[in-house]
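Note: hydrogens, waters and symmetry copies are ignored here, and every other heavy atom, side chains too, is used.
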Amino acid sequence: MAQAAVPIPRPRSQPLQIPLREVLPWAIFGAVLSLLLLYFVGAEQGAFSVFGGQFVHEFVHDGRHLLGFPCH
């Protein structure tokens, strides 16, 4: 005769709590990086150009069209 399975009680897990002061620097870094990327994809051309020439424009050209930014 087989024995009945007895459930083993397990402690309930608590959600992981990360302090804001540990997340904040990474959130700021991500926001700055995102704004920089948005600048290069959306505005790096013509009068707003930081770098001379068309290198940056051509590098992000397809991404500019994908995001709906006009470029020509």
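With a 4.5 Å cut-off between side-chain heavy atoms of Ile, Leu, Val, Met, Phe, Trp and Tyr, the cluster of Val6 takes in none. Counting side-chain heavy-atom gaps under 4.5 Å among Ile, Leu, Val, Met, Phe, Trp and Tyr, the cluster of Val32 also holds Leu24, Ile28. In this structure, Leu20 stands alone, with no Ile, Leu, Val, Met, Phe, Trp or Tyr side-chain heavy atom under 4.5 Å from its own, directly or through other members. Membership of an apolar cluster is not assigned to Leu35, as no side-chain contact below 4.5 Å to another ILVMFWY residue is traced.
Under the 4.5 Å side-chain heavy-atom criterion for ILVMFWY residues, a single connected hydrophobic cluster contains both Trp26 and Leu33.
In this view, Pro19 and Arg21, Glu22 satisfy the side chain to side chain contact (heavy atoms under 4.5 Å, CB included) rule, not counting sequence neighbours.
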